[in-house]
Chemist: 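For reference, the structure I am asking about is given below.
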Amino acid sequence: HYTAPALRWDEGLPCGNGLLGLLVWGDGHPLNLSVDRSDLWDNRPDPKTQAKDFCWKTLVEFLDRNDMKSVWDKFESWKDVPHPTKLPCGRFTLDFDRKQGVAFDSRLDLAKATTTTRMGRTVVTAYVHAVRPLIVIRIRGGRPRAQFLSPFDRSRLRPQSSVDSGAGPDVACLGYPPPRHGRGRGGAHYVLQRCATGFSYTVAWKSALKRGEQIFYLTVQQADEDRDPVPLALRILEEAGAIGPAQLERTHAVWWRNYWRKGRVRLPDGLADARLGPLRVPPRVQSRERGLPLRDGRAAGVGRAIPARD
């Protein structure tokens, strides 16, 4: 719960469903929604890991003679080859031109896995749907300027916190082409990023007006083998629009209510128990998409992570 804006992405309010993740931060000028997907990886191997002496025996030999420089150069250094690595996704921004002195309140409802940010009379509710690859944003009392900032589009992405200037390689060293921007049916927008070895991903979103509220639906889809992820992303947005925000929120809330019922622990201290109530301990998340279990928040694979800075 924040009564003042979080101005760093790594202090944002988190939501996720094991596949998609969301961080909500900023003061409304803009309000930032950093998005991610757990399986966005550049899995190209580092050539030096293919060498015969890149092994446990070599590491032990270095350690036995306390040669930490060789340990670093052989096993830790990554200044020349930045992959394999987790790929950053980007940031969806809502600019309300917030004025100084307007009351601010931002909180995460753990029971419902939903964030609510109030800026004066403007209220923004955002969540990652429990069982759909979908982020839903509901805005009441404001009409922001919305855009998506890709980390691979350096002309548009501007550092907005001290974290953004941290050490580490830039995503430009991956050698990807610039993202491609496009539009789909029904006013949908998308950003398509081609990566390496035929892998690509897209961030797509569309907005709608429902009973005085502005609704944004956003999804992130990926594809390999030179396939196009855009058609699936646009179809997900169309389905979300047909279902509507009220029904999406109901199914999301039902899933989380059932989730929290699966386990709880009572404190032995009677006074603490009376004041705090039962301490709920969540079981391992087992959401499903198309009948397959989703990852529980950890991306598969082993590699270095280029700082997302977003």
Side-chain angles (χ1 to χ4, degrees), residues 15-22 24 31 33-40 87 89-94 112-115 124-140 142-150 153 179-195 199-256 287-295:
C15 284
N17 65 4
L19 182 69
L20 296 186
L22 176 68
V24 180
L31 184 68
L33 296 97
S34 296
V35 300
D36 199 8
R37 179 168 164 138
S38 62
D39 55 359
L40 299 184
L87 298 176
C89 187
R91 182 165 74 228
F92 191 64
T93 68
L94 303 171
K112 298 179 180 179
T114 301
T115 69
V124 180
T125 301
Y127 63 91
V128 182
H129 196 276
V131 294
R132 291 179 177 272
L134 185 70
I135 295 171
V136 182
I137 307 162
R138 302 179 66 168
I139 303 170
R140 186 171 68 252
R143 294 289 182 270
R145 295 190 304 275
Q147 66 173 332
F148 181 78
L149 302 179
S150 167
D153 190 349
R180 179 165 64 87
H181 299 259
R183 302 194 67 171
R185 293 184 303 174
H189 299 257
Y190 67 84
V191 176
L192 175 64
Q193 180 62 55
R194 299 289 183 185
C195 303
F199 181 77
S200 63
Y201 71 88
T202 186
V203 180
W205 68 95
K206 67 182 298 184
S207 67
L209 293 177
K210 295 283 187 179
R211 298 180 179 179
E213 292 186 336
Q214 185 172 16
I215 314 296
F216 283 95
Y217 304 112
L218 184 146
T219 189
V220 183
Q221 295 299 311
Q222 55 97 331
D224 53 16
E225 298 179 351
D226 293 314
R227 293 177 297 176
D228 187 357
V230 172
L232 175 57
L234 296 180
R235 187 162 66 249
I236 289 171
L237 297 181
E238 288 183 3
E239 292 173 354
I243 295 170
Q247 180 62 17
L248 286 169
E249 193 164 324
R250 278 194 292 268
T251 56
H252 174 76
V254 167
W255 191 94
W256 277 101
S287 300
R288 290 183 177 272
E289 178 190 11
R290 297 184 178 180
L292 297 176
L294 298 180
R295 295 184 175 90

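The residues of the chain are indexed from 1 along the displayed sequence. Note that these values count all heavy atoms, side chains included, but never hydrogens, waters or copies made by symmetry.
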Chemist: Within this structure, what is the CD1-CG distance for the pair Ile135 and Leu20, rounded to the nearest 0.5 Å?
Modeler: 5.5 Å
Chemist: For Tyr127, give me all partners under side-chain hydrogen bond (donor to acceptor under 3.5 Å, both in side chains), at least two apart in sequence or on another chain.
Modeler: none
Chemist: With Arg250, which residues qualify under side-chain hydrogen bond (donor to acceptor under 3.5 Å, both in side chains), at least two apart?
Modeler: Gln247
Chemist: Ignoring hydrogens, what is the shortest heavy-atom contact between Ala223 and Arg227? Give both atom names and the distance.
Modeler: CB-O, 3.7 Å
Chemist: Considering non-hydrogen atoms only, spot the tightest contact between Gly184 and Leu234 and give its length.
Modeler: CA-CD1, 4.1 Å
Chemist: For residues Phe148 and Cys89, report the shortest heavy-atom separation together with the two atoms involved.
Modeler: CZ-O, 3.5 Å
Chemist: Within the 3.5 Å criterion, strictly below it, is a donor on Ser150 or His181 matched to an acceptor on the partner's side chain?
Modeler: no
Chemist: Among residues at least two apart in sequence or on other chains, which ones pass ring-ring contact (aromatic ring centres under 6.0 Å, His included) with Phe216?
Modeler: Phe92
Chemist: How far apart are the closest heavy atoms of Cys15 and Ala113, and which atoms are they?
Modeler: SG-O, 3.6 Å
Chemist: Can you tell me how far the OG1 atom of Thr115 sits from the CG atom of Leu33, to the nearest 0.5 Å?
Modeler: 7.0 Å
Chemist: Evaluate the side-chain contact (heavy atoms from CB on, under 4.5 Å) criterion for residues Trp255 and Asn17: first the C-alpha distance (whole Å), next the side-chain angles of each, then the deciding distance (0.1 Å), finally the verdict.
Modeler: CA-CA 11 Å; Trp255 191 94; Asn17 65 4; over 6 Å; no
Chemist: Can you tell me how far CD1 of Ile236 sits from CG of Leu232, rounded to the nearest 0.5 angstrom?
Modeler: 4.0 Å
Chemist: For the CG atom of Leu237 and the CG atom of Leu218, what is their distance to the nearest 0.5 Å?
Modeler: 7.5 Å
Chemist: Could you list the residues that satisfy side chain to side chain contact (heavy atoms under 4.5 Å, CB included) with Arg180, not counting sequence neighbours?
Modeler: Tyr190, Leu192
Chemist: Report, one line per pair, each donor and acceptor closer than 3.5 Å where one atom sits in a side chain of residues 203-215; sequence neighbours left out.
Modeler:
from   : atom 1 : to     : atom 2 : distance (Å)
Glu213 : OE1    : Arg138 : NE     : 3.0
Glu213 : OE1    : Arg138 : NH2    : 2.8

Chemist: Is there a side-chain contact (heavy atoms from CB on, under 4.5 Å) between Arg132 and Leu248? Walk through the geometry before answering.
Modeler: CA-CA 9 Å; Arg132 291 179 177 272; Leu248 286 169; 3.8 Å; yes
Chemist: Carefully, step by step, assess His252 and Thr114 under the rule side-chain contact (heavy atoms from CB on, under 4.5 Å).
Modeler: CA-CA 10 Å; His252 174 76; Thr114 301; 3.8 Å; yes
Chemist: Once side-chain hydrogen bond (donor to acceptor under 3.5 Å, both in side chains) is applied, do any residues pair with Thr219, and if so which ones, sequence neighbours excluded?
Modeler: Gln221
Chemist: Let me see the working for Val131 and Thr251 under side-chain contact (heavy atoms from CB on, under 4.5 Å), right down to the final yes or no.
Modeler: CA-CA 9 Å; Val131 294; Thr251 56; 5.6 Å; no
Chemist: Between Gly241 and Tyr217, what is the shortest heavy-atom contact and its length?
Modeler: CA-CE1, 3.9 Å
Chemist: Using salt bridge (charged side-chain N to carboxylate O under 4.0 Å, His left out) as the criterion, list what pairs up with Arg194, not counting sequence neighbours.
Modeler: none
Chemist: State, to 0.1 Å, how close Trp256 and Gly16 come at their nearest heavy-atom pair, and which atoms those are.
Modeler: CZ2-O, 4.0 Å
Chemist: What residues, two or more places apart in sequence or in another chain, satisfy side chain to side chain contact (heavy atoms under 4.5 Å, CB included) together with Ala253?
Modeler: none
Chemist: Rounded to the nearest 0.5 Å, what's the gap from OG1 on Thr202 to CD on Gln222? Could you check?
Modeler: 11.5 Å
Chemist: Sort and list the pairs that fulfil ring-ring contact (aromatic ring centres under 6.0 Å, His included) and have at least one residue in residues 226-251, not counting sequence neighbours.
Modeler: none
Chemist: Any chance you could measure Tyr201, atom OH, to Asp39, atom CG, to the nearest 0.5 Å?
Modeler: 12.0 Å
Chemist: My understanding is that only residues two or more places apart in sequence, or in another chain, count here; which of them pass side-chain hydrogen bond (donor to acceptor under 3.5 Å, both in side chains) with Asp228?
Modeler: none
Chemist: Holding to side chain to side chain contact (heavy atoms under 4.5 Å, CB included), I want the full list of residues that pass it with Arg185, two or more places apart in sequence or in another chain.
Modeler: Glu238
